[in-house]
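Per chain, numbering begins at 1; letters A, B, ... match sequence-line order.
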Amino acid sequence: MLSGIYGLLSASFFVAMDAVDVAFTEASVGAGISTLLMFLAITMTERRDHSVRHKPWLALIVVVVTGALLIYGTLDMPYFGSADAPIHVHVAPRYINDSMQEIGVINLVTSVLGSYRAFDTFGEVVVIFTAGVGVLALLSVSRRPENDAKIDALNVSMHEQHLILRIVIKILIPFILLFALYVQFHGDYGPGGGFQAGVIFAAAVILYSMLFGLSTARRVINQPLTQFIAALGVLLYGSVGVVSLLNGGNFFDYNVLSDDPVAGQHLGILLIEAGVGLTVASVMIIIFFNFQGRKEYGQGQAKGDV
Amino acid sequence: MFLGLYNYWIVVVLMMIGFYIVIAHGNLIKKLVGLTIFQTSVFIFYISMAKVNGGTAPIVGDGIEIYSNPLPHVLILTAIVVGIATTALGLALTVRIKEAYGSIEEEEIQKKDNSTC
Amino acid sequence: MNMSLETMLLLCMLLPLVAIVGIVGLGHKPNWRETVTISTCLALIYLVVNLYQGLADGEIIRLFLWEIFPGLQLSFVVEPLGMLFALIASFLWLITTIYAIGYMRSHNEINQTRFYVCFAIAIGAVMGVAFAENLFTLFIFYEVLTLSTYPLVTHAGTDKAKAGGRIYLGILLSTSIVFLLLAIISTWFVAGTLDFKPGGVFAPDVDTTVAGAILLLFIFGIGKAAIMPFHRWLPAAMVAPTPVSALLHAVAVVKAGVFTVLKVCVFIFGIDLLAVLPTTQFLLYLAGFSVLFASLIAMRQDNLKARLAYSTISQLGYITIGALLATSAGVVGSSMHIATHAVGKITLFFCAGAILVAAHKSNISEMRGLGRKMPITMLAFFIASLSIIGLPPTAGTWSKWFLLMGTIETEQWILMTILMLSSLLNIAYLLPIPYHAFFSDDNKQGSGEGVGEGVGEGIKEAPLPALIALSITTVACVALFIYPQPVYELATAVMENSRINYAD
Amino acid sequence: MAAPLCLLFRHSRAAWLFALIASGTALVISILLLQQVLATGLISYALGGWQAPWGIEYRIDTLNAFLLLIISSLSTVVLLAADTSISKEIPKEKHSLFYVLYLLSLTGMLGIVATGDAFNVFVFLEISSLSAYALIALGSDRRALWASYQYLIMGTIGATFILIGIGLMYQMTGTLNMHDLSNRLPEVAQTRTVFTAFAFVIVGVCLKLALFPLHLWLPNAYAYAPSIVTAFFAATATKVAIYLLIRFTYSVFGFSFSFTALPLQLLFVVLGVLGIFVASSAAIYQSNVKHLFAYSSIAQIGYMIVGFSISTVAGLTATLLHLFNHALMKGALFLALAAVMHRIGSVQLSALKGLGREMPLTMAAIVAGGLSLIGVPLTVGFVSKWYLVLALLENGWWPVAMLILLGSLLAIVYVWRIVEVAYFQPRVGPGELSKDSVREAPLAFLVPIWLLVIANVYFGIDTRLSVEVAQTASESLFGLSQ
């Protein structure tokens, strides 16, 4: 819970720092998804905390030394907020001054993300994809039908208690999805983009599944499909690069996608954002489903044992 | 001079809190929480770098001359994703460890390991 | 045959490897397997003798394989010292193989195929050591030799054999990696080359401290020369079957060691440089100590093979001393001693093996009266002992003579005394064995002899192949006294070679 | 030019064959790259068409190309055996996931090596690490999970440290491109910030590197991961970390800065030598052969670090050579262990009794690899040891040279424990396994194993290629730093 608040706090901090995009992401991730996952994991393991802090002094020394080194390092740093710091005068001006001509996207973050450093973003998508696959490898269970039945029964009894909530959520979900789409395509103009949209989209699905039961949700969005979509996202992203390669440019050189470089950039960014969105959404869903699935599986087994 | 750097120092303190939790705690989930704090504070550190006095969010608009540096924002977007990916994987591991060992306390696990081998 | 001599040189090393294929392939048919081995021996001798002819005709036989590092080649050349070594080794290999067949079969040893395979690799490595043109090539084959003989040492597979093998490998590999390799690399670093050159490779104005340190590294590094304190492997290796002890630990391995010492002294340092190095004197005394002390230990050994092993350590000390004396007499003596000691010691080991096989005895105290049961063996033992001691009419006389000359020339009176004293000790620990075997009654001893007597009834001479083998080497012991020319010529050629070129 | 490398992980449902093809393609590409680099020098490829430092570029010099070659070739060879190996160690339904992760990990490593952008390094580092955690956790033993968790914590701390370091550098220079960094850093080299950045990057990399005393995560991770994974990582993962170390100290911070700002030389020599001794001694007391070789890996890293710390062309050449050679040895060894695992289901030392007779080819490969570890002539281990000692002598570091050689004696001990057990102990195992159940490993193992063994010998005899490349690479590094 604390970490959720921490996430929200840092998000608002980012806003104060003029980093709206980052704030948006941190809000959805730090305060949303990761807290959710934490809770899930905690319920699956144990709440009690009877841990002993071993070797606290050693740890403290390490930490203090590291911290002192960092403070020492900051002494020569340019002052906070000063405009003539090296980072503001070397590479960045080009992004700020020229990207309108070169890319034509109002949100500078998006243009840097999608084009100048498209490869980083590509890496990012791959990272999240890796995490998805990793969680899948670790947690996926081969589902046995008799367990499913039990779980269903369990779920039904549970969910009848949340009738009002279910109705509210049912109404809300389409709006959330719509909002996700808006964020997805609005990335060019305001804060937003594929990643945030993906998370929001995933959040909608997760909400749904929390209230209506995992198996219900799985009936709507089944696992192979999400896996396929996750891969599709990466592929979409990658193929944008390949296409530009085939068109005679460098990898991720969107200029060649269209006759007009700016239009080409637009198209490229749009496509990769779509790829990011797809992958992120599906991976989030995969992760959540697997956590939840594992949990219910464990409960089912426990019940079966009793 | 100190005023010019206070922001970084707060970040450092945050970082070290996270780092300490990672090292010193025996509970696997708490370790992960610590890790998240540690990472997030690094993000803040980057974002602080990007801030320019009097600047606004790097979205081009009319009449705005000074923008924050968009590059760190991009980097941190990526880093956040990396962070959540790591957390997810770590939690997944924790869940499995709980299943396999019946505990998520570092010392108990080590004890069990030693007794089996 | 119209083979070029270069091809022959290559074949010297390849032939044993080719033989392996045959040996493994025919592993289940002992007769065929051993035929392959023996014919390989014969072919090898043929090759080596041919090379000798070529050398005698003054041809330069050189073989360049390829470069391993820039400036470091795998290459071979035939020169007198190597020739000497190769001749001895190939000749004795044949004899040992004959002997081994008799020994291994009558002893019902296991894993005979592995035995012959390793044997073949070892001899190939010995050839490589003998003909190596540079220190680097030599080092490679030196290590191959160590590794290929390890399975032979641990052949029996018992705990004792494994322990022995561990010591063997441990000491040999350790010294070679820690000291020898370091020495080689330092040489490479200081001198810029590793080629064996008459007169040495170091520049005349090289820092004597550095060169002295390198010499120290070399002498310690060549663990196979068994200078104390790195001699422990030799007695440990005696757990091996006797043919192994005979060929490898009396001839091939230790001789590879002292051969390397000689090579290093003469061709890396050059005897002139050697004479002025500060560490030479220390090493001389160390070797002297090794000679004397090993002899003393040998006195106390009851196990025949162990006694012979310590005797070997002592004799190796002679060779090292000869090399370090840095005079031509010393070097000649050392070179000859390689040959004469090889012949003598292998005879002794053959005898020990024969006694073990025929009478199942390995302790000296049990051998009283054995001479009457095994006259030929014991006679051979006697003659070989004379050779080791250095009495006429045996081969050892010459080499000891030259070694003594060397000490006198350099006025190393202490060393001379040591050598003389050690020879006396030789007499004391070797001659009593045949003496008791012939002239004392085996039944006079007290308890435990009942068993010995029961066995003693059935004792006959050793198996025929073994007997043949040891007779040949015994004859060789005498023959080398009467006709030492080839050996002497080669030995002096070593010196001449180095002198002449050094004068240039 | 390098871009196709990155397309390799495209199909999520890739099966073994696909993975193999992908890895093979990477191999071919990296061979071509190496040739081209040797012929023409630096290759730079701007991704997205944006020139560095604005965009991200791939920057391939001899060093990168060399590393790319090592990684892709080892990965291809290891993959040859993967299909058979994982069939027993990993549940069927996770096979395709396994390959996906494997390829992702490969991608990560190739990406780290190829990229010329500091932040991009971080991203790829995470790709390879995340997939590594997951791969290790796939191990059948429950301890694999714990090992993976420990690795995750350590790895993430390391990565975050690197991130901090990169951030500080960026703060001072305003650029993320490595080449650009190296141009701009000297201006601000005297500041405390740069010093701190350097310290953080180094510590972070050393965590990944498993440099003694930061090595604690490695043995368990190696021991409990699926055998194939172990073979792959042992041969490649630490190599990548060494690459990063070299890249950052030599190229980015510049040689003169790196070795004057901190007592780095002394520190690394001490740590390297200590690592050699402590890890080798630990290896001697292991009863699990995988553990044993894992500790030996740490010791070998010590050698590389010592070579690195000499900070001369010769020393660096030795390190790079050892990088290559060690990949060959450890690849062969762990693959052979994978074969053993496949056949008898255990890699405890006691389970190897008498295996020399039952699986002669596999055990012979282990012996060959072991000899190479010791550094016996005619194997690659000897070559690297030779160069290392030579480099040490060149610097006049006699004692260190002596220590290093002493350290390799320890290798004899632990290798010989295996040899003795495998060859000189009868295969008695009443109740364990019936005798005829142990056969020689299947061909799918033998081919890659012996490929590596032959490479071990070949590059031990004919060193032209490896030495030349290593030398060019280290010379160019020194050229860059001036």
Give, for atom [atom1] of [X] and atom [atom2] of [Y], the distance between the pair rounded to the nearest 0.5 Å.
X      : Y      : atom1 : atom2 : answer
D/L393 : C/W188 : CG    : CH2   : 13.0 Å
D/M402 : C/L217 : CE    : CG    : 6.0 Å
D/I412 : C/L172 : CD1   : CG    : 10.0 Å
C/L147 : D/I374 : CG    : CD1   : 7.5 Å

Between C/F139 and D/W386, ring centroids under 6.0 Å: no
Excluding sequence neighbours, so at least two apart, what forms side chain to side chain contact (heavy atoms under 4.5 Å, CB included) with D/V367?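 Applying side chain to side chain contact (heavy atoms under 4.5 Å, CB included) to D/V367 gives D/L371, D/V419, D/Y423.
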If the plane angle is over 60° it's perpendicular, under 30° parallel, otherwise tilted; pick one for D/W416 and C/Y150. perpendicular
Passes side-chain contact (heavy atoms from CB on, under 4.5 Å), D/L405 versus C/F179? Steps please. CA-CA 8 Å; D/L405 291 172; C/F179 299 121; over 6 Å; no
